[in-house]
Each structure stands twice: as C-alpha cells, then as structure tokens.
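Reading through the structure tokens given below for one structure.
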Amino acid sequence: MAANSPAQAADKTDELLQLHQMQLTQAQKIRLLYGKAWFQIQVDDIDLAMQTLAQCKHMSQTVDSDTILFSYYSISASAFSNLAMYQRALENFLESYRIARLMDTEQYVRQTENNIGHIYLKMGRYIQAQEYFQRFYDDAKARELPSQMATGLNNLGEAWYGQQMYQEALRAHQQSLAIREQHQFTYHSSWSHHNLGRTYLALGDIQQAQRHLTLAIQIRQQSNPSESIGPMLDLARIKIDQSDWQSAEPLLTEALSLAQSSQRFQERADAYQLLMRYHQAQENWPAALSASNQYAQSKFDLLNRQAQIGVAFYAAQLDLAAKDNDIARLTQQNAIASAKTESARQQMLTLIVAVTLVGVITLLFIARIRAKNQQLSQALQHLKSTQRKLADAEKMSAMTTLVSGMAHQLNTPLGLVITSVSTLKDRLSQTREKLHNKQLSGNQLSRFLEEADEILALTNRNTERAADMIARFKLISTSLESSEMKHFDVVGFLNDRLQLLKRTLNKDVDIVIQGEPVEIYSYPDVLFKAISQLLENSCEHGFSQQQAAQVSIRVVKSGKNLTLVYQDNGSGISKDKQKHIFNPFYTSQLGKGNLGLGLNILYNAVVHILGGEVYLEPTDSGACFVIVLPLKINNHSINSD
C-alpha cells in the first residue's frame with residue numbers, strides 16, 4: 001500500500017494506532033508515527049509531517065533506543081530535502097550517520113550513505129554522490145534485496161546522467177526498471193520511467209523519451225498526482241522544441257495546477273519558467289513577461305516556505321513540551337480539588353471554600369496560559385529581531401577586521417617614513433643654520449649628505465613597501481575594471497599560463513593538469529589569479545619542508561558547472577585552522593612578511609567575480625581545494641561592489 005498510495009498508508013497508520021492503543025508499547029507507537037510522517041512527506045504534507053516528527057522526538061525521551069533517534073534524524077532530513085533545504089538536510093543525515101556507526105549496523109550505515117549521496121546529487125556534486133551510491137548498491141546486491149538494488153541503480157543512473165555519461169545512465173535505469181516491474185513496485189517504477197525519458201532525450205531518441213515520460217505521468221497520477229509534475233514539464237519541453245503548441249499548453253496548465261494545489265514551490269517556479277519560454281517561442285511578449293513575474297514570485301514563495309517550515313519545526317517541539325507541563329500542573333490541581341471535595345462531605349463550609357479556591361485557581365491558570373502564549377509570541381518576534389541584528393553585527397565585524405588589519409599592516413612602514421622625514425627635516429634645519437652663520441665645514445656638509453642619502457633610502461624602501469601592501473589590499477576587491485569576459489578552454493589556458501608562472505615561484509614545483517578540454521564563458525584573468533593564489537599558498541606554507549613539490553589540477557565538467565580539484569602533496573592544513581583560512585589577514589606566518597590575504601583573494605575572486613564556490617575538501621595528505629564554476633557566467637548576478 002505504501003508503494004502505490006502513501007496517502008492511504010498514512011490513514012491506515014492512524015487506524016492501527018487507534019485500534020491497538022492499549023496493546024502497543026511506546027517504541028511501537030513511535031515507529032508507527034515515523035511511518036506516518038514518511039507517508040506525509042511523500043504526499044507533500046510537510047507541515048503535518050513536521051508536527052508528527054516533533055511528537056516522535058518528544059515521545060522518544062522515555063525510550064532508550066538508538067534506532068528511534070536514528071529514524072528521527074533520517075526522516076527529518078528527508079522532509080528538508082523535499083523543500084530544497086539541502087544544507088539542513090545534509091546536517092540531519094550526517095547526525096543519523098554518526099548514530100548508525102555507533103550502532104555498528106551495516107544496513108543503517110549503507111542506507112544513510114545512500115541518503116547523503118542523494119543530497120550530494122541535489123547539490124550537483126555528482127562524483128561524490130556516485131561513490132556513496134555504488135557502496136549502497138553493492139551491499140544491496142550482496143544481500144539480494146531487490147527494492148534496494150533498484151533504488152541503487154536508479155541513483156547511480158542519475159549520478160552518471162549528471163556527469164553526462166548517458167550510456168551508463170541508460171543501462172542503470174533499464175536494469176532498475178526491470179527489477180521494479182518484476183517485483184511489482186509499481187509506484188517506484190515511475191521514477192525509472194522518468195529518468196529513462198530524460199536519458200533518451202539526452203541521447204536524441206525523442207520517441208522513446210516521450211513514451212517513458214508518458215508512462216511516468218500515468219503511474220503517478222493514479223497514486224500521487226503531484227509527483228507527475230516533473231515528467232509533465234520534461235514532456236512539455238519536448239513539445240515546445242517540436243513547436244507542438246497544442247500539446248504543450250495542456251501539459252503546462254496541468255503542471256501549474258498541480259504545483260499550486262500541492263504547494264510545490266520549486267516545481268511551480270520551473271513550470272512558470274517553461275511557460276515563459278513557451279510564450280517567447282511564439283513571440284507573445286506580454287504573456288512571457290507575466291510568466292516571468294510569476295516565476296520570480298514562485299522563487300520568493302519557496303524561500304518564504306523554507307523559512308516557515310524551519311520555524312514550525314522547532315515551534316512544534318516547543319508546543320509539545322509546553323502542553324506536557326500544563327497537563328502535569330492540571331493533574332496536580334485536580335488531585336488537590338479531589339481532596340478538598342472529600343473533606344467537604346463532612347463540613348459544608350469546607351465545600352464552599354474548596355469550590356471558591358478551585359474557581360480562583362482555574363482563573364489564574366487560564367490567565368497564565370494566555371500570558372505564556374503572549375510570551376512565546378514576543379519571544380518569536382525577539383528572535384527575528386535578534387537574527388537581523390546578528391546579521392548586521394557580522395557585517396560590521398567583518399568590516400572592522402578588514403580596516404584594523406590594513407591599518408596594522410600599514411602602520412610600520414608609514415611610521416618609519418614619518419620618522420625619517422622628521423629626522424631629515426631636523427638635519428636640514430641644523431645644516432641651513434650653520435651655513436647661514438658661516439660655521440658649516442666641508443666634513444659636516446659631507447656627513448649631512450651621507451645621512452640624507454641613508455634617510456631617503458630608508459624612506460624610499462618603506463614607501464615602496466606601503467605601496468606594495470596597498471596593491472595587495474586592492475586584490476581583495478571584486479573590481480572587474482581590468483577583466484574581460486570571453487570564451488576559452490580551461491585546460492589549454494591553464495597549461496599555457498602555469499608554465500610561465502612556474503618560473504616566478506620560489507620552489508621547483510611539478511604541476512600536472514588533468515581533464516578533457518572544456519570551454520567556458522567567464523573571466524580568464526580572474527581564474528588565473530585564483531589558481532596563482534593557491535600555488536603561492538602551497539609554496540609559502542605547504543612546501544616549506546617538502547623536497548619534491550607536486551601539484552595536480554583536475555578539470556571535470558558536471559552538467560552546467562565546471563569543477564576544478566586542486567591537490568598538493570604539502571604538509572596540509574590542521575583542523576583548527578581550516579575554518580579561518582578564507583578570512584583576511586589570517587596567516588600562520590604573520591611575522592615573516594606574509595599578510596594573510598592569499599586565500600581571501602581566492603575566495604573573493606571565485607565567489608564574487610566568477611559566480612562560483614570554493615571549499616576545502618578533507619584529505620589524508622596535503623591540501624585539496626575544490627572550485628565549482630558555471631560554464632556560462634551570469635554577469636547580472638555578480639556582486640562587483
């Protein structure tokens with residue numbers, strides 16, 4: 001029933017809980033509620049799912065079981081994933097992974113690795129996702145579990161599809177579909193049909209693509225219509241490319257209706273974006289503009305929904321705790337009232353006093369509940385205000401750090417310049433006075449000139465040092481004044497430039513660039529600056545005690561992104577320093593002439609100019625940086641302030 005109709009499965013779970021309330025243990029009730037939450041997620045009822053999960057978390061406090069806690073984090077992560085809150089989903093899956101490893105249960109470990117791989121897939125990190133999926137599939141195959149084998153093959157196919165390895169993706173999805181049809185996993189077979197449609201479309205087989213997408217739509221509409229939005233949009237894209245406007249329009253209309261009724265904001269945004277393309281192809285510019293506005297509104301609604309769910313998740317847990325406290329107090333008051341009622345049988349006066357006391361206590365209790373609700377509302381408003389203040393404080397702190405760091409670095413050379421000029425002024429005044437009084441000897445004049453030369457040389461050195469610092473400070477800026485966007489092959493460009501850069505390094509470094517030619521439209525000079533900063537950082541810090549210095553740069557095309565993996569064989573970066581490496585003026589060699597700007601310049605170049613992301617990847621030896629860039633940069637979205 002769960003595979004074919006999650007909504008019916010959720011209703012059936014409620015029936016079981018009501019029928020067997022007295023026979024079930026606390027752990028059994030929690031497990032049934034976890035199943036109910038999962039079915040609610042499947043039908044996109046995320047609000048109720050969050051309330052059910054909060055109830056499970058509260059009930060689990062009386063049950064000593066790692067599996068209960070493991071299920072809580074796993075299902076919560078799935079709910080966040082459905083709302084495209086991938087970072088929060090990844091945090092919950094990592095917590096469930098920690099618990100699974102403590103339990104030392106291979107099945108839970110593999111399942112969680114598969115979940116983590118799924119989040120990496122959503123984040124576009126296909127190579128990491130493939131590694132997790134492969135382990136999951138190998139384990140399922142060894143234990144002969146058909147459902148898990150089909151899931152593993154489906155996920156592997158999506159990872160290969162993301163890497164544009166379409167033949168491998170096709171074989172995986174065909175095998176997954178065969179297993180699901182053999183074991184009558186009807187609902188889940190729709191995912192295989194959907195992915196086969198996408199893969200055949202990538203391979204240019206339009207007829208097969210339409211057939212599988214149509215099957216996916218038919219299966220999902222029978223059990224969970226909202227899940228048919230994805231294949232509907234993919235089929236509509238094919239119809240638009242074929243200029244089949246009559247077939248494309250009803251698909252778009254139904255997809256928008258389903259997305260609106262089921263509150264699937266991401267799919268609604270995708271549908272409006274495709275509708276805008278549909279009107280543009282027909283040169284219906286007013287309708288295209290309207291669809292564009294709806295697309296922007298849908299994106300805003302998605303962000304707002306994510307914020308609401310985050311608050312609702314924690315509010316539900318807080319509300320359950322408050323209700324338990326109220327019930328405990330009410331139970332205590334009822335016990336007092338019962339005792340006084342028993343005593344009232346002996347004396348009527350005691351009865352009157354007891355009734356009056358109960359009434360007063362009840363009024364106070366109601367007033368306290370109202371006051372508590374008001375306090376919770378004020379606390380929520382205070383929380384929002386605090387979040388805004390923290391964001392402003394963080395910006396001010398970053399600016400203060402930057403300004404104080406610059407001032408500290410410039411203070412020494414400029415101070416020496418001021419002292420030298422002041423000294424030279426005094427010497428000049430003394431010499432002029434002696435010359436005026438005709439007391440200046442040749443030796444004194446010669447000594448004055450020698451001192452003046454030394455002072456001017458000192459002034460010149462420190463002036464140049466200050467100018468060099470200012471030039472390096474300017475590299476922190478994300479200015480595009482001297483940058484030009486163009487099409488270029490990344491592998492060929494790096495091969496040409498890095499051969500020249502090697503001659504300027506203070507170390508003999510063996511640089512190897514791996515990967516097929518990949519052309520992007522971006523800022524080549526900015527990319528070269530970013531790679532140069534990594535090489536300089538390796539030479540200054542990683543290769544300080546390394547004889548055979550080696551650096552490898554691997555270039556991989558992943559969908560609409562380009563991934564550069566920079567790996568050296570140096571001494572690496574300790575864990576306590578990793579969270580500070582992109583901060584300006586942070587260096588382990590501050591007293592040795594290093595300003596601590598290299599990796600901050602790298603971060604600004606990649607994030608603010610190239611529109612990508614950069615992060616430090618954990619590795620057993622050396623340092624490994626991963627740079628993810630768009631194949632075509634969106635110049636309007638880059639902050640060049």
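Numbers here are sequence positions counted from 1.
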**Q.** Side chain to side chain, Leu527 and Leu629, heavy atoms closer than 4.5 Å
**A.** yes
Q | Reported CZ-to-CZ distance for the pair Phe93 and Arg98, which is rounded to 0.5 angstrom | A | 16.0 Å
Q: Please round to the nearest 0.5 Å and tell me the distance separating atom CD of Gln128 and atom CD of Glu131.
A: 6.5 Å
Q: Kindly compute the distance separating CD (Glu617) from CZ (Phe625), expressed to the nearest 0.5 Å.
A: 11.5 Å
Q.
As a test of understanding, state which of Leu535, Leu494, Ile511, Val509 forms a side chain to side chain contact (heavy atoms under 4.5 Å, CB included) with Leu501.
A. Leu535
Q: Pick out which of Val607, Ile601, Asn600 makes a side chain to side chain contact (heavy atoms under 4.5 Å, CB included) with Asn604.
A: Asn600
Q: Could you grab the distance from atom OH of Tyr86 to atom NZ of Lys122, nearest 0.5 Å is fine?
A: 4.5 Å
Q: Applying side chain to side chain contact (heavy atoms under 4.5 Å, CB included) between Tyr132 and each of Ile119, Ile116, Asn115, Asn155, report the one that passes.
A: Ile116
**Q.** Side-chain donor/acceptor of Ser441 to backbone N/O of Gln444, under 3.5 Å
**A.** yes
Q) Just by modelled atom types, is the Gln533 backbone N or O under 3.5 Å from a matching donor or acceptor in the Asn537 side chain? A) no
Q.
In this structure, is the centre-to-centre distance between the rings of Tyr161 and Tyr166 below 6.0 Å?
A. yes
Q) Ignoring hydrogens and geometry, is there a side-chain-to-backbone donor-acceptor pair from Gln439 to Glu433 under 3.5 Å? A) no
Q | CA sep, side-chain torsions, deciding dist, call: Tyr566, Ile627, side-chain contact (heavy atoms from CB on, under 4.5 Å) | A | CA-CA 8 Å; Tyr566 176 96; Ile627 299 175; 6.0 Å; no
Q) Is there side-chain contact between Leu616 and Val626, with heavy atoms separated by less than 4.5 Å? A) no
Q: Check whether any side-chain heavy atom of Val565 sits under 4.5 Å from a side-chain heavy atom of Cys624, and report yes or no.
A: yes
Q. Do we get Arg268 above Tyr272's six-membered ring, with its NZ or CZ under 6.0 Å from the centre and within 45° of the axis?
A. no
Q: May I ask you to check whether over 12 heavy atoms, not counting those of Arg554, lie within 6.0 Å of atom CZ?
A: no
(Q) Just by distance, no angles: are the side chains of Gln163 and Gln130 close enough, under 3.5 Å, to form a donor-acceptor pair? (A) yes
(Q) Rounded at 0.5 Å granularity, tell me how far CE in Met165 sits from CH2 in Trp160. (A) 7.0 Å
(Q) Once rounded to the nearest 0.5 Å, what's the spacing between atom CD of Gln273 and atom OG of Ser292? (A) 9.0 Å
**Q.** Ile127/Thr563 under side-chain contact (heavy atoms from CB on, under 4.5 Å): CA gap, chis, key distance, verdict
**A.** CA-CA 10 Å; Ile127 297 176; Thr563 301; over 6 Å; no
Q) Within a reach of under 6.0 Å around CG of Asp508, are more than 12 heavy atoms found that belong to other residues, nucleotides or ligands? A) no
Q: Would you mind telling me which of Glu451, Glu450, Glu454 makes a salt bridge (Lys or Arg N to Asp or Glu O under 4.0 Å) with Arg427?
A: Glu451
Q.
Keeping Ser422 on the side-chain end and Ile418 on the backbone end, is there a donor-acceptor pair under 3.5 Å?
A. no
Q. Parallel, tilted or perpendicular: which describes the rings of His487 and Tyr521, with under 30° parallel and over 60° perpendicular?
A. tilted
Q. Can Arg88 and Glu91 be counted as an ion pair, charged N to O under 4.0 angstrom?
A. no
Q: On the 0 to 90° scale, with breaks at 30° and 60°, tag the Phe528-Phe493 ring pair as parallel, tilted or perpendicular.
A: perpendicular
(Q) Determine whether Leu440 and Phe448 satisfy the following criterion, side-chain contact (heavy atoms from CB on, under 4.5 Å), listing intermediate values before the conclusion. (A) CA-CA 10 Å; Leu440 181 65; Phe448 167 73; over 6 Å; no
Q. Run the side-chain contact (heavy atoms from CB on, under 4.5 Å) check on Asp489 and Ile520 step by step: do they pass?
A. CA-CA 7 Å; Asp489 168 32; Ile520 68 173; over 6 Å; no
Q: Could you walk me through whether Asp525 and Lys486 pass salt bridge (charged side-chain N to carboxylate O under 4.0 Å, His left out), step by step?
A: CA-CA 10 Å; Asp525 293 336; Lys486 62 176 66 175; over 6 Å; no
